[in-house]
Amino acid sequence: MPESMSFNRALVEKYDRPGPRYTSYPTAPQFHGAFAADDYRAAAERSNHRGNESAAKPLSVYIHIPFCKSLCYYCACNKIITQKTHRAVEYLDYLKREIAMQAALFDDSRRLTQLHLGGGTPTYLTSEQLTELMDSLREHFHLDESDAHEFSIEVDPRTISPERIGELRAQGFNRLSFGVQDFDEKVQEAVNRVQSEQQVFDLVAAAREAKFKSVSVDLIYGLPLQTVASFDTTLAKIIALRPDRIAAYSYAHLPERVRAQRLIRREDMPPPERKLELLELTIQRLTEAGYVYIGMDHFSLPDDELTVARANGTLQRNFQGYSTHADCDLIALGVSSISKVGDTYGQNVKELSQYYARINEGLLPVHKGYRLTDDDRLRREVIGALMCHGRVDYAPLEARHGIRFREYFGESLRQLQEQVGDGLIELHDDALVLLPQGQLMMRSVAMAFDAYLGGEQQERFSRTI
């Protein structure tokens, strides 16, 4: 394994505790109903006028498409299973109305440089509907039309043809993420997501031909009926495809919270030790194939933008994961989506009927959120530095926030003595440094800086490995 990564089975098992993924800090459980649409409007207004800064931040947009034609048993996302495609027609109409409402809050000069469509299944929308959606964005926002933008879409290979890949490129998308999970037929049947290898191979080839700047593949380890041998076969096929990025997620089996997961047979679930074997295998196979471990389940090729950003210290993190464009104000559209504007988070209503009702009343669909305190902003910066750069340098934080790091975070540093003793981190006079065998446990290190984690709160999250 490369110097930046080391796998110690005993330590991985020891630190496999429930904890947040830190796509935001504070995390979603802290969002509350006292923060509503008026607070969001005020945050947008503040974001247009950033005091002494020469220019307001560029804009990022996330659009949630909740529909799926079939149910994947492992999925814990907010989705609507339906074959009634007319529901997408209605949803698109409301999305366009929300686009107009949201765009009116932000200065016309601010360029939209990042766009991500997630779900659900974004490719549930037809090519014509996606064109309609992109046209609406272009009408109301100032889109960066250069290929320096980061416009990405999640693709279910079962819903799209190679010909349509070229259409996505023409619509402005330059990054694709294919949901593969596992190529093994028995595993696919156990989770009700059957798709052929050829479908994926053909789509990736089409993406290369269409000159997509980045092709990513999602895998999941810990699914029912997975074995080391079967997943090794899947990994070999993925490595042969040579996607620019690979996300290998740990499956969190929580049937008491996720109804769909109750359809998975308990006897098909791999034992806990199998998950560790699968994780170790994944890291070994991908790093030996030349992929660089970015952090938090993500691997990328040495010349990929994420790898370069990690090396030069510009890597960032947001609700979509790692990014080179994350320092934007993020506008989230559609049911359940979460915005990050200025020093606030705002979440839209989760039910389709409520979403439609709000927009019919001319109201933004934001129903809860959070405004960060000075302490929150500081801790968010610490956690972000740890998860993106593998180190926290004290001096810049002290200068920006007017603190003495080791005094301010005295309790956090005391909590980390166990991780120091286990060789996960080093604490220097001027920095906290994540060591190679601490890379996989970065979430447990970050948790020491989380002011909101109590025993009950912690149990709300999936395990960190």
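A heavy-atom distance below 4.5 Å is found between the side chains of V61 and I63. For the pair Y62/N318, no side-chain contact is recorded, criterion being any heavy-atom separation below 4.5 Å from C-beta on.
Note on ring orientation: taking the six-membered ring where Trp is involved, the planes of Y452 and Y25 are tilted (angle from 30° to 60°). Note: Y94 and Y355 have tilted aromatic rings, judged against thresholds of 30 and 60 degrees for the angle between ring planes.
For R443 and D16, the salt-bridge test fails: no basic side-chain N is under 4.0 Å from an acidic carboxylate O. Between D304 and R245 there is a salt bridge, with a side-chain nitrogen of the basic residue lying less than 4.0 Å from a carboxylate oxygen of the acidic one.
K275 and S250 are linked by a side-chain donor-acceptor pair at a separation below 3.5 angstrom, with hydrogens and angles left out of the test. For the residue pair T314/N312, the side-chain donor-acceptor check at 3.5 Å is satisfied. A side-chain donor-acceptor contact under 3.5 Å links Q171 and T131. Between D429 and Y394, the side chains place no donor N or O within less than 3.5 Å of an acceptor N or O (distance only, hydrogens not considered). When only modelled atom types and interatomic distance are considered, R110 and N48 share a side-chain donor-acceptor pair under 3.5 Å. Between the side chains of S300 and T307, at least one donor N or O lies within less than 3.5 Å of an accepting N or O. Looking at R46 and T344, their side chains never bring a donor and an acceptor atom within 3.5 Å of each other. H401 and E381 share a side-chain donor-acceptor pair at under 3.5 Å. With hydrogens and angles left out, the side-chain atoms of H86 and E90 include no donor and acceptor closer than 3.5 Å. Between the side chains of Y251 and Q181, no donor N or O sits under 3.5 Å from an acceptor N or O. Inspection of the T324 and Q316 side chains reveals no N or O donor paired with an N or O acceptor under 3.5 Å. With 3.5 Å as the limit, one finds no donor-acceptor pair spanning the side chains of Y221 and D297. Side-chain contact of N348 with Y40: a donor-acceptor pair under 3.5 Å is absent, judged by distance alone. Side-chain N/O atoms of E154 and S177 include no donor and acceptor closer than 3.5 Å.
With sequence neighbours left out, the side chain to side chain contact (heavy atoms under 4.5 Å, CB included) criterion links H428 to E426, D430, V433. A search for side chain to side chain contact (heavy atoms under 4.5 Å, CB included) contacts involving D303 returns L301, not counting sequence neighbours. S152 is linked by a side chain to side chain contact (heavy atoms under 4.5 Å, CB included) to H116, R175, counting only residues two or more places apart in sequence or in another chain.
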>> As a quick check of understanding, evaluate side chain to side chain contact (heavy atoms under 4.5 Å, CB included) for L133 and L117, giving each step before the final call.
In response: CA-CA 11 Å; L133 181 60; L117 269 63; 4.0 Å; yes
> Step by step, would you call L71 with K79 a side chain to side chain contact (heavy atoms under 4.5 Å, CB included)?
Replying inline: CA-CA 9 Å; L71 177 66; K79 72 273 183 189; 3.7 Å; yes
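For R242 and Y291, the positive end sits near the middle of the six-membered ring, less than 6.0 Å away and at most 45° from its axis. A cation-pi arrangement is absent between R87 and F67 under the rule of less than 6.0 angstrom and at most 45 degrees off the ring axis. A cation-pi arrangement, defined by a distance under 6.0 Å to the six-membered ring centre and an angle within 45 degrees of its axis, is present between R317 and Y322.
Ring centroid separation for the pair F151 and F173 does not come in under the 6.0 Å cut-off.
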